[in-house]
Amino acid sequence: SSCQSLKGQRVLVTAGPTYENIDPVRFIGNYSSGKMGFAIAEEFASRGAEVTLVAGPVSLSLKDDNVRRIDVTSAREMCDACKKVAKDADYVVLAAAVADYAPETVAEKKIKREGTDGMILRLVKNPDIAATLGEAKHEGQVLVGFALETDHEEENAIGKLRRKNLDWIVLNSLRDPGAGFMKDTNKVTILSSSGERISFGTKSKREVAADIVDTITAKS
Ligand code: C5P
């Protein structure tokens, strides 16, 4: 992995959670820190690639100012940004933890608690960005997703890879104490549409990013 080995290659990376607004002061979100996606964006940039990072609401900053950053809040905004950038991307890595559902309507004013015992919040399904980009995938483009599974991990990951038309899927093990949300380390197995399966040990997210970039850019 020499320093300029990916010069001229265009890369899209998504990172972080999405926030789905309920009213002006409340949202539905998740605990994704964005660290894995940021590490992948920085790893690609360090090898000379032209990187666009579409980031959900995170409290991270990029150490590499060669990365173009687009900040978004909701899944819909993330999807719109990704559709534009993916058109001429050679590599697309979807590391964001996108909310599956959003409130059907966003209240214009702060919802009051007075005079109610409870409430029902109606949710509607968000677009699946990975599946959307999978359908639009062009010749030569490499599309990579992530999976976080609690059971039948590899079987479920392969199912996702097929359904979303991905070339690679990075499986995070939830059983591993050094893997997952909020952590600085991760442990992954990378699976391909052609049946490859590569397992790595627990490493820093930047080292995991290097393994992912090595794997998906290797010419077979
Ligand atoms: O279906 P699931 O959410 O487990 O799939 C995970 C993969 O799909 C991740 O790469 C994630 O970034 C992507 N995804 C997406 N848009 C969604 C849901 C998931 O891009 N709405």
Side-chain angles (χ1 to χ4, degrees), residues 11-21 27-41 43-44 51-58 60 70-87 89 91-104 123-137 141-175 179-182 186-193 205 208-209 211-213 215-216:
V11 178
L12 164 64
V13 180
T14 69
T18 64
Y19 285 180
E20 311 300 330
N21 287 341
F27 60 85
I28 297 173
N30 63 68
Y31 289 116
S32 170
S33 66
K35 283 176 184 167
M36 195 62 247
F38 272 60
I40 293 165
E43 182 61 32
F44 264 114
V51 184
T52 301
L53 173 66
V54 176
V58 292
L60 292 175
I70 301 173
D71 288 304
V72 297
T73 304
S74 68
R76 275 184 188 285
E77 287 168 21
M78 185 174 277
C79 194
D80 290 342
C82 286
K83 282 196 279 191
K84 289 184 193 128
V85 178
K87 278 199 186 107
Y91 294 93
V92 177
V93 182
L94 302 168
V98 184
D100 290 323
Y101 298 92
E104 188 173 44
L123 305 178
V124 293
K125 210 159 196 178
N126 272 333
D128 187 324
I129 301 166
T132 304
L133 300 188
E135 259 179 65
K137 189 166 69 176
Q141 185 178 61
V142 178
L143 186 59
V144 185
F146 275 72
L148 193 70
E149 304 294 331
T150 54
D151 59 288
H152 299 91
E153 294 167 302
E154 294 197 16
E155 201 183 311
N156 286 337
I158 298 282
K160 264 171 207 180
L161 179 137
R162 300 254 177 266
R163 274 200 306 283
K164 301 184 193 221
N165 196 26
L166 307 174
D167 300 290
W168 298 92
I169 195 155
V170 180
L171 176 61
N172 301 277
S173 181
L174 259 184
R175 276 181 229 150
F181 280 1
M182 320 284 272
N186 203 3
K187 184 180 190 318
V188 302
T189 298
I190 308 179
L191 307 160
S192 81
S193 57
K205 286 190 173 172
V208 173
D211 290 337
I212 293 168
V213 175
T215 304
I216 68 174

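Counting starts at 1 for both ligands and their atoms, following the listed order.
Paired with Val92 under the rule side-chain contact (heavy atoms from CB on, under 4.5 Å), one option of Leu133, Val144, Leu166 passes, and it is Leu133. Under the side-chain contact (heavy atoms from CB on, under 4.5 Å) test applied with Phe146, the options Ile169, Val93, Leu94 reduce to a single match, Val93.
Among pairs with a residue in residues 148-157, those fulfilling salt bridge (charged side-chain N to carboxylate O under 4.0 Å, His left out) read Glu149-Lys160, Glu153-Arg175, Glu154-Arg197, at least two apart in sequence or across chains.
Enumerated by chain and number, the residues approaching ligand 1 to less than 4.0 Å through a heavy atom are Leu94, Ala96, Val98, Pro127, Asp128, Ile129, Ala130, Gly145, Phe146, Lys160, Lys164.
Every residue two or more places apart in sequence or in another chain that forms a side-chain contact (heavy atoms from CB on, under 4.5 Å) with Leu60 is listed here: Lys35, Phe38, Val58. Taking Tyr91 as the reference, Phe44 meet the ring pair (Phe, Tyr, Trp, His ring centres under 6.0 Å) condition, with sequence neighbours excluded.
Between Lys164 and Asp128, at least one side-chain nitrogen of the basic residue sits less than 4.0 Å from a carboxylate oxygen of the acidic one, meeting the salt-bridge criterion.
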